[in-house]
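Okay, so here's the structure we're looking at.
Throughout, numbering of the chain's residues begins at 1 and tracks the sequence.
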Amino acid sequence: QVHLVESGGGLVQPGGSLRLSCSASGTIFSTAFMAWYRQAPGKQRELVAAITSGGSSTVADSVKGRFAVSRDNAKNTVYLQMNSLKPEDTAVYYCKCRGLYWGQGTQVTVSS
């Protein structure tokens, strides 16, 4: 049973930074394709960033230059570093493993 736990969300002012973490268990993490999604109220869930088992990564155009995804296979953890946050980044952020398994999500609110 794959289990994903996100953490690191919270309330931050515009222009601030947060680092989200997603810890995985029940899978061989080092071989897993991992992704971050977000869902804002009233909107569809959207892909934010993804990283392959080999460490190649991509981010959505809407967050390019502000967000970065990384992984630590020794800790079975994937990270989403979010800088220069904007109010429109407010959403529940989810991690996804192997295109199949979802975490419970962590709320990010960007507001003054």
Side-chain angles (χ1 to χ4, degrees):
Q1 180 83 12
V2 176
H3 189 51
L4 304 172
V5 178
E6 299 99 333
S7 61
L11 173 64
V12 63
Q13 292 187 340
S17 297
L18 284 175
R19 188 177 79 156
L20 306 183
S21 300
C22 172
S23 296
S25 61
T27 187
I28 303 174
F29 180 80
S30 61
T31 68
F33 179 86
M34 300 295 296
W36 285 97
Y37 287 74
R38 68 184 180 186
Q39 187 166 21
K43 294 189 176 182
Q44 289 189 329
R45 196 170 294 190
E46 63 175 355
L47 177 66
V48 177
I51 186 164
T52 69
S53 58
S56 297
S57 63
T58 185
V59 298
D61 287 344
S62 59
V63 303
K64 196 162 290 183
R66 300 188 298 122
F67 290 13
V69 59
S70 61
R71 64 192 298 156
D72 185 338
N73 290 337
K75 295 183 178 180
N76 286 2
T77 300
V78 62
Y79 303 99
L80 184 67
Q81 179 67 45
M82 306 186 295
N83 300 324
S84 302
L85 282 160
K86 304 176 181 180
E88 51 263 43
D89 295 319
T90 295
V92 178
Y93 284 71
Y94 300 89
C95 69
K96 190 174 186 181
C97 178
R98 301 187 184 278
L100 292 172
Y101 307 102
W102 291 97
Q104 83 290 348
T106 186
Q107 175 71 47
V108 172
T109 302
V110 185
S111 175
S112 55

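Among pairs with a residue in residues 10-24, those fulfilling side chain to side chain donor-acceptor pair (under 3.5 Å) read S17-N83, S23-T77, at least two apart in sequence or across chains. Pairs engaging residues 73-96 under the ring-ring contact (aromatic ring centres under 6.0 Å, His included) rule: none recorded [sequence neighbours left out].
By the criterion of side-chain heavy atoms lying less than 4.5 angstrom apart, applied directly or through intervening Ile, Leu, Val, Met, Phe, Trp or Tyr residues, V69 is not grouped with V92; the two fall into different hydrophobic clusters. Note on L100: it does not cluster hydrophobically with V5, by side-chain heavy-atom contacts below 4.5 Å among ILVMFWY residues.
In this structure, SG in C22 is found 10.0 Å from CG in N76, a value given to the nearest 0.5 Å. Here the CG-OH distance, from L80 to Y37, works out to 13.5 Å after rounding to the nearest 0.5 Å.
Screening T109, V12, V110 against D89 for a side chain to side chain contact (heavy atoms under 4.5 Å, CB included) leaves a single residue, V110.
Side-chain N or O atoms of R71 include one that pairs as donor or acceptor with a backbone N or O of T52 at under 3.5 Å. Judged by distance alone, with hydrogens and angles left aside, the side-chain atoms of E6 form a donor-acceptor pair with the main-chain N or O of C95 at under 3.5 Å.
In this structure the side chain of Q107 reaches within 4.5 angstrom of the side chain of T90, judged on heavy atoms. At a threshold of 4.5 Å between non-hydrogen side-chain atoms, the residues W102 and K96 count as touching.
Residue-environment remark: CG (L11) exceeds the threshold of 12 foreign heavy atoms within 6.0 Å. In E88, the CD atom is crowded: over 12 heavy atoms of neighbouring residues, nucleotides or ligands sit closer than 6.0 Å.
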